[in-house]
Amino acid sequence: MTPTPDRLIADRARAIDVSGIRRVFELGASLKNPINLSIGQPDFPVPERIKAAARDAIDADRNGYTLTTGMPELRARASESLKTDLGWEIATGDTGLLITTGTSGALTLAMLSLLGPGDEIIVPDPYFVAYGPMATVAGGRAVPCDTYATGFRMTAESVAPLITERTKAVLFNSPSNPAGVVANQDECRAMLELCRERGVVLISDEIYDEFTFSDFTTSHASGDPSIARCPSPAREPGAEDTVLLVRGFGKTYGVTGWRMGYCAGPTWLIDEMAKIQQYTFVCAPSIAQAGCAAAFDVDMRPIVESYRVRRDRVLSTLGPHTEIETPGGAFYAFPKVPERLGLTGTQFVERCIERGVLVIPGGVFSDRDTHFRLSFASPDEQLDRGLAILAELLAG
């Protein structure tokens with residue numbers, strides 16, 4: 001009897017679709033030397049100190065499994081960073097830490113630990129493309145929270161009516177993908193208070209936390225004015241009892257392919273996530289863990305500042321032709337396709353591709369298809385050529 005997919009493929013696989021980002025890549029595959037403003041990946045080389053630490057680990061034959069929860073030296077550095085930055089005390093009984101296979105690994109483990117059939121997690125709309133499928137694979141459902149009317153800010157006021165008896169968590173993403181928007185500390189505080197009041201977990205996806213631009217940062221917990229940080233619900237007193245904090249290394253240090261992240265939060269949740277990691281990912285890649293332990297000694301502020309300059313060029317070039325919420329971090333902008341053009345986001349992107357420019361339609365990230373995402377993680381000359389074409393198309 002020949003195996004047939006109709007009988008054998010599970011419902012969870014059928015319920016998710018191929019990423020729309022991949023479709024754009026396929027459309028652009030036939031282009032010769034396209035101007036690629038679609039990739040959410042930094043364009044700078046990995047700092048030498050991090051590469052050297054990974055090479056040293058290989059040369060020292062540290063190529064085997066690590067503890068499921070992570071290599072001791074990386075756990076120590078991450079714990080030290082969280083204490084300095086947030087005042088969190090790791091491994092004191094109530095707060096745990098887990099090294100994960102990317103931040104996507106952390107989010108997947110969290111949803112597998114929290115969601116069952118019919119359970120819900122509230123996510124921003126527009127959203128990172130993996131949020132919905134992750135919830136589906138876990139057996140739950142992602143409930144979109146419309147942020148278009150609030151400048152792509154997910155607020156407590158907009159989330160509160162969506163919380164039901166099936167809600168297990170709220171997923172908060174700042175700086176955000178696809179809009180690059182950064183929540184202020186008052187918005188973070190209000191979201192934490194709401195989740196505490198309603199008894200749900202607040203997952204704070206902070207993959208771009210160190211990629212926050214200087215005009216959107218907040219004061220450091222130490223009070224040192226020379227140290228600025230991304231606003232976060234984890235900065236509020238006692239946040240450890242409600243917040244699952246997710247951070248990573250890929251975007252900040254250019255090691256996206258190393259698949260390295262970490263999360264911290266209530267021990268009762270971290271323990272369940274570690275249990276599932278033991279039987280799925282086993283552990284994060286050992287060599288990547290060794291390299292990332294050195295990342296805490298690398299100052300990326302000059303590179304982040306160079307990206308702020310690129311952001312300003314995006315705003316000055318495209319701003320006269322359309323609506324763009326100012327990105328406070330990450331390396332994305334989410335311009336609106338002007339209504340006068342009579343085009344959906346997908347149709348506009350098709351015109352861009354005809355001109356050799358790759359960007360992503362807003363419908364990939366949202367229930368709407370009115371915008372498009374561009375990444376300014378691109379060499380300056382390529383970015384400027386792409387912006388000139390986009391401005392021309394937006395002007396009609």
Side-chain angles (χ1 to χ4, degrees), residues 3-25 40 68-69 98-145 154 159 162-173 176-178 200-207 244-248 250-251 256-263 265-266 268-285 360 363-367:
T4 58
D6 286 347
R7 185 177 72 86
L8 298 177
I9 298 298
D11 290 343
R12 72 173 60 86
R14 295 182 189 280
I16 59 178
D17 199 1
V18 175
S19 166
I21 295 177
R22 182 184 297 180
R23 291 196 182 98
V24 172
F25 291 163
T68 293
T69 54
L98 179 64
I99 307 300
T100 60
T101 305
T103 55
S104 291
L107 293 170
T108 297
L109 293 170
M111 294 196 202
L112 288 171
S113 299
L114 291 169
L115 302 179
D119 291 334
E120 298 173 349
I121 180 170
I122 298 171
V123 303
D125 179 6
Y127 37 75
F128 171 53
V129 293
Y131 288 166
M134 284 176 179
T136 299
V137 168
R141 183 172 79 93
V143 176
C145 174
M154 193 179 186
V159 169
L162 302 176
I163 297 178
T164 72
E165 62 181 12
R166 301 311 305 258
T167 304
K168 294 291 191 70
V170 173
L171 212 173
F172 191 69
N173 178 212
S176 74
N177 180 2
V200 300
V201 175
L202 176 56
I203 302 175
S204 189
D205 180 357
E206 300 183 9
I207 178 59
L244 177 69
L245 177 69
V246 178
R247 290 181 174 178
K251 306 293 187 177
T256 51
W258 288 16
R259 310 310 305 134
M260 280 300 303
Y262 63 100
C263 58
W268 59 263
L269 177 54
I270 294 291
D271 286 350
E272 297 301 316
M273 293 169 63
K275 186 167 61 179
I276 295 175
Q277 172 146 291
Q278 181 180 5
Y279 295 109
T280 51
F281 299 102
V282 180
C283 64
I360 309 296
V364 169
F365 310 96
S366 177
D367 290 347

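The CD atom of Glu165 sits 9.0 Å away from atom CD of Glu120, with the distance rounded to the nearest 0.5 Å. Distance check: Thr167 OG1 to Asp119 CG gives 9.0 Å after rounding to the nearest 0.5 Å. Atom-to-atom distance recorded for Ile122:CD1 and Leu171:CG is 10.5 Å, nearest 0.5 angstrom. Rounded to the nearest 0.5 angstrom, Arg259 CZ and Thr101 OG1 are separated by 8.0 Å. Here CZ of Phe281 is found 10.0 Å from CD1 of Ile276. Values are rounded to the nearest 0.5 Å.
The two residues Thr136 and Ala15 have their closest heavy-atom pair at CG2-CB, 3.6 Å. Closest approach of Ala135 and Met111 over heavy atoms only: N-SD, 3.4 Å. Residues Leu162 and Pro144 share a closest heavy-atom pair of CD1-O, 3.8 Å. For the pair Gln277 and Cys283, the tightest heavy-atom approach, listed with the atom from each and the gap, is NE2-CA, 4.3 Å. The two atoms that bring Ala106 and Thr100 nearest to each other are CB-OG1, 3.6 Å, heavy atoms only. For the pair Met273 and Cys263, the tightest heavy-atom approach, listed with the atom from each and the gap, is CE-SG, 3.6 Å.
Looking at Lys251 and Thr103, their side chains never come closer than 4.5 Å, going by heavy atoms from C-beta outward. Put simply, the side chain of Lys275 does not reach to within 4.5 Å of the side chain of Ser113, judged on heavy atoms. Counting only heavy atoms from C-beta outward, the side chains of Ile121 and Val200 never approach each other to under 4.5 Å. At a threshold of 4.5 Å between non-hydrogen side-chain atoms, the residues Tyr127 and Asn173 do not count as touching. With a 4.5 Å cut-off on side-chain heavy atoms, Asn177 and Phe365 count as touching. Taking 4.5 Å as the limit, some side-chain heavy atom of Thr280 sits within range of a side-chain heavy atom of Leu109.
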Pair Asp205-Tyr131, side chain to side chain contact (heavy atoms under 4.5 Å, CB included): steps then yes or no:
CA-CA 11 Å; Asp205 180 357; Tyr131 288 166; 2.6 Å; yes

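For Arg12, the CZ atom sits in a loose shell: 12 or fewer heavy atoms of surrounding residues, nucleotides or ligands are nearer than 6.0 Å.
Among residues two or more places apart in sequence or in another chain, the side-chain hydrogen bond (donor to acceptor under 3.5 Å, both in side chains) test is passed with Gln278 by none. Every residue meeting the side-chain hydrogen bond (donor to acceptor under 3.5 Å, both in side chains) condition with Asp125, not counting sequence neighbours, appears here in chain and number order: Ser366.
The backbone N or O of Pro117 sits less than 3.5 Å from a side-chain atom of Arg166, completing a donor-acceptor pair.
Each of Leu114, Ile203, Leu98 was compared with Leu269 under the side-chain contact (heavy atoms from CB on, under 4.5 Å) criterion, and only Leu114 meets it.
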